[in-house]
J.: 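If you scroll down you'll find the structure; I have some questions about it.
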Amino acid sequence: MNSTAQDAEDSSAPAIPAIPLAFTDQNDTPGFQEGLISPELAQWIRFRAEKLKLRLDDRKWAAELVNHLRDSLLEFLKKSDDQPYFQLARVLNSGSYYEMVKIHNANEFDIMLTFPPPSRLNWTELGQYQGLFYQVSLCRPTHSPIRSFLLEDGLTISASKFISEMYLLVRRFIRTYKVSDNSCHWVVNRKRVNSPAVTLSLLEVGNGKQELLSVDVVPALEVSSKQGWPQAARAGPDVDHWLGKKAKRALISQNCFFVPKRPPGRNLDDIAKEGWRISFSHIEKQIISSHGNKKTCCESAATKCCRKQCLKLLKCLIEGLKQRYTKELDALCSYHGKTAFLHTLSTRAEDSLWARRQLPVCFMHLLGALEGHARSGLLPHFFIPNANLFAQPTFPRKALVFLTNALEEQRTHGLPLLMPPAPAPPMEICSPYETQPLQYPDLQKTSPVENVSNKMLFFVAVAVVVFVCLVACWKHMAN
DNA sequence: TTTCATGTATAGACTGT
DNA sequence: AACAGTCTATACATGAA
């Protein structure tokens, strides 16, 4: 009976695998041995990857709202005389949506607003951050409107002034900006002290609780490629054997950015409080979109690879872990996953290793790689090899040990966090997948479109169950 | 496999200095 | 007239269905 109801909703759903599925640590790659993935688990991984796709309707709905907001904001800044420097803003879409690795819903967008400095920049590494954070200043005094963001020395660009002014203008913009159909409205979220973003949320009118979309607007200072990247990143990412030396040169010859994010920690000195963080978002996006060892990767059905799917699954697992162990894994974020992913791609370069069919094996490999980084406490920033994203105190020792164990548990117990909730009781009607929001309440923020389809599915499931019951009764009576 | 919508890169037109 | 910056049309890539 249960399976009938399930099948009615999702005929492609594989059977729930027997748990635990043995993964042992015998291999030198932590947590990975090819032969040990059971066919059931492999099927589940494929199935889960399918489920992470964004729906076209959702994308269309969200893209229209976000693009209109973005274009209107840009127009507002261009016309604004209050802060003439912001008239120079240019848009650079970044983050997982535009990298095509956003999962579950098209509900989070990252938009960088980039600004060219009036002259060459000087930057000084802030100590103890291994080249991630910088004091940024102009080489010479200027009459450019950027003046209003400078400190008393007339040269140093103040990150706090920059982001505060951005807030001011975005708030001013939002006061008059209306969503076309009036059913929702954008609000500016509260300022967060360590965040470089002005975060906007789209709320339903009359239901202030439910956030339908969120957009991070991140201002960024552009460093001309003529100046080159800071010393800590000068060597460029380790992609020689993967993307090739020529591709690497092309990457290094691009601009990089500073975003107004101060370094973590309390009791910062006055210089650190005005610190900027280096950003390679646009390069990351480029690498992820042209990710092949050969040019032909993903060009045809025959050369399709599973790299992006692996990253999506890892992001899903990380979200799940953070949901399940909120406090313990506070320090963990999706960027750790992305970094481990990039390292894995650069060492496991050959396209054939990432063939579409190999998804389960590749994902387990990636998971093992992240576990390995956690176990060794070493996860170098992909562009700044000396910056360890698992270094303390940013990533506390305790959290690292917890993460190592959590990842090991996932690997050795058949990925319970990627699985549906425990086997359903006999009369359960809904398919396990549809009940997923119960397990991870915030992972899936339902859009209006989704609500409709959920109701439809539920209705169909109930109808099928009733029908099957009737048939069973009828047969019983006939006997 | 195909069809479609969205996102991106590019060239050439346009505009103001 | 020359130039840089901006806008626009177009083709192409990507991924969902």
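Residue numbers begin at 1 in each chain, while the letters A, B, ... track the order of the sequences.
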J.: A:Arg70 CZ to B:dT6 P: how many Å, rounded?
T.: 12 Å
J.: CZ of A:Arg307 versus P of C:dT14: gap in Å, rounded?
T.: 13 Å
J.: Take A:Phe115 and A:Phe86 through the test ring pair (Phe, Tyr, Trp, His ring centres under 6.0 Å) and record every step on the way to the result.
T.: CA-CA 8 Å; A:Phe115 298 92; A:Phe86 285 168; 5.2 Å; yes
J.: Roughly, in whole Å, what's the span from CZ in A:Arg59 to P in C:dA16?
T.: 8 Å
J.: Rounded to whole angstroms, how far apart are NZ on A:Lys78 and P on B:dG16?
T.: 15 Å
J.: Closest nucleotide of DNA chain B for A:Ala301 versus for A:Gln286: which of these residues is on the 5' side?
T.: A:Ala301
J.: Quick one: is A:Lys308 getting a side-chain N or O under 4.0 Å of the C:dT14 phosphate, OP1 or OP2?
T.: no
J.: Between A:Asp238 and A:Lys248 (salt bridge meaning N to carboxylate O under 4.0 Å), is one present in this structure?
T.: no
J.: In terms of side-chain geometry, is the basic nitrogen of A:Lys209 or A:Glu204 positioned less than 4.0 Å from the acidic oxygen of its partner?
T.: no
J.: Contact class for A:Lys312 vs. all strands (heavy atom < 4.0 Å): base, sugar-phosphate, or nothing?
T.: sugar-phosphate
J.: Are A:Asn93 and B:dG7 close enough that a side-chain N or O sits under 4.0 Å from OP1 or OP2?
T.: no
J.: Is there a side-chain contact between A:Tyr98 and the phosphate of C:dT14, meaning an N or O under 4.0 Å from OP1 or OP2?
T.: no
J.: A:Arg90 or A:Lys53: which one's nearest nucleotide on DNA chain C is closer to the 5' end?
T.: A:Arg90
J.: Figure out the CH2/P separation between A:Trp61 and B:dA5, and round it to whole Å.
T.: 19 Å
J.: A:Lys285 near the nucleic acid: base, sugar-phosphate alone, or nothing, with a heavy-atom cut-off under 4.0 Å?
T.: sugar-phosphate
J.: Charged N to carboxylate O below 4.0 Å: is that the case for A:Lys285 and A:Asp110?
T.: no
J.: Write down the distance between CD (A:Gln87) and C1' (C:dG5), rounded to a whole number of angstrom.
T.: 14 Å
J.: In whole Å, I'd like the distance from the OH atom of A:Tyr97 to the P atom of C:dT14.
T.: 16 Å
J.: Ion pair present between A:Glu350 and A:Lys294, side-chain N to carboxylate O less than 4.0 angstrom?
T.: yes
J.: Within this structure, what is the NZ-to-P distance between A:Lys295 and C:dA13, rounded to whole angstrom?
T.: 13 Å
